[in-house]
Number of protein chains: 2
Amino acid sequence: MSQSATRVHAELRGEILGGRCAPGARLREEEVAERFGVSRTPVREALRRLEADGLVVVTPRRGAEVVRWRDDDIAELVELRALLEGHAARRAAIGGDLDLVALGDLCTRMEAHAADVDGRAADEITRLNMELHRAVHRAAGRLLPDLLVRLIDVPVVRRTFHTYTEAELRRSFGQHRELVEALAAGDGDWAAAVMQAHIRAAGATLRSTRDPGGR
Amino acid sequence: MSQSATRVHAELRGEILGGRCAPGARLREEEVAERFGVSRTPVREALRRLEADGLVVVTPRRGAEVVRWRDDDIAELVELRALLEGHAARRAAIGGDLDLVALGDLCTRMEAHAADVDGRAADEITRLNMELHRAVHRAAGRLLPDLLVRLIDVPVVRRTFHTYTEAELRRSFGQHRELVEALAAGDGDWAAAVMQAHIRAAGATLRSTRDPGGR
DNA sequence: CTCCCCTGCTCTGTGTACAAGCTAAGGAAG
DNA sequence: CTTCCTTAGCTTGTACACAGAGCAGGGGAG
């Protein structure tokens with residue numbers, strides 16, 4: 001949209017996803033405006049877009065505050081991702097036009113970081129992973145990507161790859177390879193199944209990380 | 001959020017959904033502002049919210065214009081609704097707490113309008129129908145309703161019940177009754193199947209209306 | 001001592017003014 | 001006659017100012 005508003009939106013988004021903004025923290029317009037060196041107008045627009053992304057909740061006369069995620073929400077989120085991304089994989093395998101070579105390249109680049117998960121590699125893996133998923137979404141339709149925006153980059157996702165064990169990481173990469181293979185074969189059911197497993201496995205890892213003792 | 005912005009948003013939303021705004025029509029901020037007797041500020045916010053709803057597309061230096069729906073989009077939309085609403089019905093049947101009496105009451109009130117579809121009844125049926133679906137969505141989770149906002153009240157939906165034959169209308173109402181029965185029985189698969197059929201039947205009616213000769 | 005009311009402050013909601021960018025139309029040159 | 005450049009108009013993007021609604025803190029009364 002605008003220059004400043006877009007920039008503020010992206011910055012705040014990064015801060016929230018990166019955990020640098022505590023859940024429940026209030027985002028006062030003037031404070032944010034001063035911090036970014038702009039007026040309140042673009043800040044207001046940025047906050048509204050964050051609300052549309054589901055990252056903040058804005059109450060009529062109280063302003064915006066960073067959304068709090070409950071455990072129930074996380075579970076529902078994994079469920080919906082599995083459903084929608086599975087559907088996306090099926091559609092992409094059947095009809096979507098996607099660059100299989102580029103997808104394979106993404107896999108290769110992710111696997112190159114398999115050794116050093118502890119360093120900055122996790123961020124890069126997160127980025128590449130998101131790029132791969134997005135490519136599948138785009139191939140699946142026009143409306144689907146916009147729907148998934150509210151689900152894919154939720155706060156917790158940001159930290160996911162940091163907490164992966166090497167075994168989990170290899171499984172994840174293996175599923176990526178299998179997904180590409182299923183897409184290449186044009187097998188919708190296969191692609192959907194792999195994607196569902198992929199998402200649910202990530203969900204399980206996430207759950208064990210946040211709640212080590214089980215439920 | 002605000003008073004004026006909320007009002008303008010609701011009004012414009014109604015105009016777009018009601019077909020009083022032609023697809024592709026540009027919505028200039030000052031023009032809208034003058035029409036509603038407010039300044040550009042709340043209008044801007046209303047337009048951004050419409051963008052979040054997927055009802056307008058706003059291009060950086062060109063402003064907002066009413067979204068154009070292609071036939072492909074409609075098909076994808078029905079697909080996604082069937083997927084997500086089916087999921088919602090399953091979740092609602094299994095765990096969600098919903099007022100079954102109230103749902104039955106909604107069915108009764110809809111059926112009362114079965115005779116005169118031609119009059120103002122169609123609008124009332126649309127409203128009641130939406131209320132019933134929303135109740136199921138709410139019972140299914142916290143994130144789901146927000147996702148479905150972008151899908152449920154798309155322009156074409158508005159005109160749906162006007163074009164229903166009496167037979168189609170009866171089938172639709174019958175499916176509502178069956179859905180409530182499945183929900184009462186706590187049978188997730190049953191509820192999901194009925195809902196899927198319900199959505200896809202509506203999609204078929206929609207398709208035959210827009211494209212009488214078939215594909 | 002406690003509870004209620006009042007007052008002051010803070011923050012959002014809205015109005016308005018200015019600046020920047022895009023589009024299109026008109027004129028001049030090849 | 002065609003094409004490119006320039007310029008003018010329109011529309012959005014941003015900054016700033018004011019008004020109104022909550023909320024908190026303090027003071028007074030019971």
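By convention in this document, chain letters (A, B, ...) are assigned in the order of the sequence lines, proteins followed by strands, and residues within each chain are numbered from 1.
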Rounded to whole Å, how long is the line connecting atom [atom1] of [X] with atom [atom2] of [N]?
X: B/His9; N: C/dG13; atom1: NE2; atom2: P; answer: 15 Å
X: A/Glu45; N: D/dT14; atom1: CD; atom2: P; answer: 7 Å
X: B/Glu65; N: C/dT23; atom1: CD; atom2: P; answer: 13 Å
X: B/Glu34; N: D/dT11; atom1: CD; atom2: P; answer: 12 Å
X: A/Arg44; N: D/dA15; atom1: CZ; atom2: P; answer: 14 Å
X: B/Arg61; N: C/dA20; atom1: CZ; atom2: P; answer: 10 Å
X: B/Leu47; N: D/dT11; atom1: CG; atom2: P; answer: 14 Å
X: B/Arg40; N: C/dT14; atom1: CZ; atom2: C1'; answer: 13 Å

Requested in this report: Determine, step by step, whether B/Arg142 and A/Asp72 satisfy the salt bridge (charged side-chain N to carboxylate O under 4.0 Å, His left out) criterion, reporting the C-alpha distance in whole Å, the side-chain angles of both residues, the deciding distance to 0.1 Å, and the verdict.
Outcome: CA-CA 9 Å; B/Arg142 204 179 64 89; A/Asp72 295 351; over 6 Å; no
Query raised in the report: With respect to B/Arg35, which candidate in B/Glu30, B/Glu15, B/Glu11 satisfies the salt bridge (charged side-chain N to carboxylate O under 4.0 Å, His left out) definition?
Result: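 It is B/Glu15; the other options fail the test.
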Salt-bridge test for [X] and [Y]: reply yes if a basic N is under 4.0 Å from a carboxylate O, no otherwise.
X: A/Arg127; Y: A/Glu124; result: yes
X: B/Asp53; Y: B/Arg13; result: yes
X: A/Glu45; Y: B/Arg44; result: yes
X: B/Arg49; Y: A/Glu51; result: no

Query - Given C/dC11, D/dT14, D/dA15, the nucleotide with the shortest approach to the side chain of A/Gln3 - result: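 Taking heavy atoms from C-beta onward, the closest nucleotide is D/dT14.
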Requested in this report: Report the nucleotide, chosen from D/dT12, D/dT14, C/dT12, that has the shortest atom-to-atom distance to any side-chain atom of A/Glu29.
Outcome: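 For A/Glu29, the side-chain atoms sit closest to C/dT12.
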Query raised in the report: Please, what dot-bracket string fits DNA chain C when only Watson-Crick and G-U pairs with both distances under 3.5 Å count, crossing ones use [ ] and pairs to another strand use |?
Result: ||||||||||||||||||||||||||||||
Requested in this report: Tell me which of B/Leu27 and B/Thr41 sits closer to the 5' end of DNA chain D, going by the nucleotide each one is nearest to.
Outcome: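 First, find each residue's nearest nucleotide; the 5'-ward one identifies B/Leu27.
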Requested in this report: Could you tell me whether the side chain of B/Arg62 has a donor or acceptor atom within less than 3.5 Å of a complementary atom in the base of C/dG21?
Outcome: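 Side chain to base: no pair present.
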Has [X] got a side-chain N or O lying under 4.0 Å from the OP1 or OP2 atom of [N]?
X: A/Ser4; N: D/dT14; value: yes
X: A/Arg48; N: C/dG13; value: yes
X: B/Arg28; N: D/dT11; value: yes

Query raised in the report: Between the side chains of B/Glu111 and B/His176, is a donor N or O closer than 3.5 angstrom to an acceptor N or O?
Result: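 Per modelled atom types, B/Glu111 and B/His176 side chains form no pair under 3.5 Å.
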